[in-house]
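Worksheet: the structure to be examined is printed underneath.
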2 protein chains.
Amino acid sequence: MGLTKSEIFTEAQNQISSIAKVFGHPARVAILQHLFKTNSCICGDLVDEIGLAQPTISQHLKELKNVGLISGNIEGTSVCYCIDKANWSKMKTIINDFLNQDVNENTNCC
Amino acid sequence: MGLTKSEIFTEAQNQISSIAKVFGHPARVAILQHLFKTNSCICGDLVDEIGLAQPTISQHLKELKNVGLISGNIEGTSVCYCIDKANWSKMKTIINDFLNQDVNENTNCC
DNA sequence: TTATTATATTGCAATATTACGATTAATATG
DNA sequence: CATATTAATCGTAATATTGCAATATAATAA
């Protein structure tokens, strides 16, 4: 197997998990933090910042692009990446709604 | 390869990603939602609720236990699971701090 | 045109994850 | 005790992910 049975889950459950999955690798967390920290578009210096090979960084950037969290603008021979603010907000709402669930103190048994 | 290079990332980055990784599968999202919804401990009926085999559910529960998000109490021949509220709160803070980063509007270029 | 530079893609090896049947361990119940 | 019930563990097959060398592509510079 090794194949997630997405069909048996709700769209919301699949959405939450696919967003979370993207955050589930330290390189992608580091890339996002760097994009936030510099407050501007970042190109190839991510390879120097993070200690991974260029194709590996490129692959992680692609995954971040696929879920829409970042976008890239071509600037001469380099590409300029930055956070997609609108999608970041949407995503934040989805994750927050999930995290802010609360257990009912009364009926809990452990 | 296939081995994440955790050594090159900060402890915080690794912590964020390992929490997110747990949410990165719809079955675990569904399990947590069910534990919240029922407001009480759930045992083997997770297997009926979610459409996965018993060993698979057991494996996902183990991962949730490993990061401390749930705990299980043995009750006769069955096991009673519930959200670990204290750890859930701690985790929520860590993820929220990451999600609430904001880009500086002024210096953004895309 | 021919470099040069920067990023993407391909291909592949190593490892991880998902899922489940079979089995085991522990506790109930007759 | 024998047997059912419940959940964990083991073993394994299928697929996914991570990482990188090699190569391709695209844009600019000389």
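Both backbone and side-chain heavy atoms feed into the values below; hydrogens, waters and symmetry mates do not.
Distance, B:Leu52 CG to D:dA8 C1': 17 Å, rounded to whole Å. As rounded to whole Å, 17 Å separates atom C1' of D:dA16 from atom NZ of A:Lys5. Here the P atom of nucleotide D:dT6 and the CD1 atom of B:Ile57 are 16 Å apart, to the nearest Å. Remark: P of C:dT7 and CD1 of A:Ile70 are 12 Å apart, rounded to the nearest angstrom. At whole-Å resolution of the value, CD1 in B:Ile50 and P in C:dC20 are 12 Å apart. In this structure, the NE2 atom of B:His60 is 12 Å from the P atom of C:dT17, given to the nearest Å. If you take CG of B:Leu3 and C1' of C:dA14, they are 8 Å apart, rounded to a whole angstrom.
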Checklist line | Audit row: A:Phe23, B:Phe23, ring pair (Phe, Tyr, Trp, His ring centres under 6.0 Å) steps and yes/no | finding: CA-CA 9 Å; A:Phe23 296 137; B:Phe23 296 135; over 10 Å; no
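In plain terms, the two heavy atoms of B:Asp84 and B:Gly68 that are nearest each other are CB-O, 3.3 Å. Nearest heavy-atom pair, B:Leu69 versus B:Asn87, reported as atom, atom and distance to 0.1 Å: CD2-O, 4.3 Å. Nearest heavy-atom pair, A:Ala30 versus A:Ile50, reported as atom, atom and distance to 0.1 Å: CB-CD1, 4.0 Å.
Rounded to the nearest 0.5 angstrom, A:Ile70 CD1 and A:Leu32 CG are separated by 7.0 Å.
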What N/O pairs connect the protein and nucleotides 8-11 of chain C at under 3.5 Å? Give each pair on its own line.
{"from": "C:dA8", "atom 1": "OP1", "to": "A:Tyr81", "atom 2": "OH", "distance (Å)": "2.3"}
{"from": "C:dA8", "atom 1": "OP2", "to": "A:Ser58", "atom 2": "OG", "distance (Å)": "2.8"}
{"from": "C:dA8", "atom 1": "N7", "to": "A:Gln54", "atom 2": "NE2", "distance (Å)": "2.7"}
{"from": "C:dA8", "atom 1": "N6", "to": "A:Gln54", "atom 2": "OE1", "distance (Å)": "3.0"}

Set out, line by line, the N/O atom pairs under 3.5 Å between protein and nucleotides 24-30 of chain D.
none

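A distance-only check finds a donor-acceptor pair linking the side chain of A:Thr38 to the backbone of A:His34 [under 3.5 Å].
A perpendicular orientation is assigned to the rings of B:Trp88 and B:Phe36, their planes being inclined by more than 60° (bins at 30° and 60°).
Donor-acceptor pairing under 3.5 Å is recorded for the side chains of B:Thr10 and B:Gln13.
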